[in-house]
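The next block holds one structure in the form of structure tokens; read it before the comments.
Atom set for the values below is all heavy atoms of this structure, side chains included, hydrogens, waters and symmetry mates excluded. We number each residue from 1, following the sequence as shown.
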Amino acid sequence: RPNGRKPFAKIIDEIVRQNPSISRNSLLQRLKKHEDVSIKDDKITCNDTHDVMTVDALRGALSRSKKRVSKKSKKQSR
């Protein structure tokens, strides 16, 4: 796994890059529409790797993703 991150990080980072101020609930709605992710019984599953994350963990994942995306955009603007 690149940088020790779960496959969700790549998907969430992609969504956060498009909308940096996205809320947890909006992110959950976007993930429901994403073809690489399935959500059932408060569990989010990555279809490619079968990794599982709970819906409750989404808030932390979103926060980490926002930090990564903002850090990358600051580096690129230099």
Side-chain angles (χ1 to χ4, degrees):
R1 293 183 178 164
N3 300 325
R5 286 186 270 149
K6 291 196 172 221
F8 298 108
K10 184 178 178 182
I11 297 168
I12 294 172
D13 284 359
E14 182 182 307
I15 294 170
V16 169
R17 253 184 241 107
Q18 295 169 5
N19 184 359
S21 61
I22 193 167
S23 69
R24 177 194 163 276
N25 289 337
S26 298
L27 176 62
L28 184 59
Q29 296 306 314
R30 294 279 300 272
L31 287 175
K32 285 180 180 178
K33 295 175 186 174
H34 201 280
E35 66 273 358
D36 293 335
V37 175
S38 58
I39 300 174
K40 186 175 181 185
D41 298 330
D42 287 339
K43 300 231 186 267
I44 305 168
T45 307
C46 186
N47 296 333
D48 294 339
T49 59
H50 300 291
D51 275 350
V52 176
M53 175 172 70
T54 63
V55 171
D56 291 337
L58 193 58
R59 185 169 47 98
L62 175 60
S63 175
R64 288 187 296 275
S65 179
K66 285 182 177 182
K67 283 181 187 176
R68 274 193 305 272
V69 168
S70 103
K71 195 175 190 181
K72 285 180 184 175
S73 68
K74 284 180 185 175
K75 279 185 180 179
Q76 291 175 352
S77 66
R78 288 182 187 177

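Taken to the nearest 0.5 Å, the CG atom of L28 stands 5.0 Å off from the NZ atom of K32. Atoms CD1 and CD1, from I11 and I44 in turn, are 10.0 Å apart once rounded to the nearest 0.5 Å. Summarising the geometry, atom CD belonging to E14 is positioned 10.5 Å from atom OG belonging to S65; distances are rounded to the nearest 0.5 Å. Interatomic distance, R30 CZ to K33 NZ, rounded to the nearest 0.5 Å: 8.0 Å. Atom-to-atom distance recorded for R68:CZ and K10:NZ is 13.0 Å, nearest 0.5 angstrom. Between the CD1 atom of I15 and the CZ atom of F8 there is a distance of 11.5 Å, given to the nearest 0.5 Å.
With sequence neighbours excluded, the residues that form a side-chain contact (heavy atoms from CB on, under 4.5 Å) with R24 are V55, L58, R59, L62. Under the side-chain hydrogen bond (donor to acceptor under 3.5 Å, both in side chains) criterion, N47 pairs with S38, not counting sequence neighbours.
A 4.5 Å side-chain heavy-atom check between Q29 and S26 finds every atom pair outside the cut-off. Counting heavy atoms from C-beta outward, I12 and M53 have side chains that approach closer than 4.5 Å. Looking at V16 and I22, their side chains come closer than 4.5 Å, going by heavy atoms from C-beta outward.
The minimum heavy-atom distance linking P20 with K66 is given by the pair O-CE, 3.3 Å.
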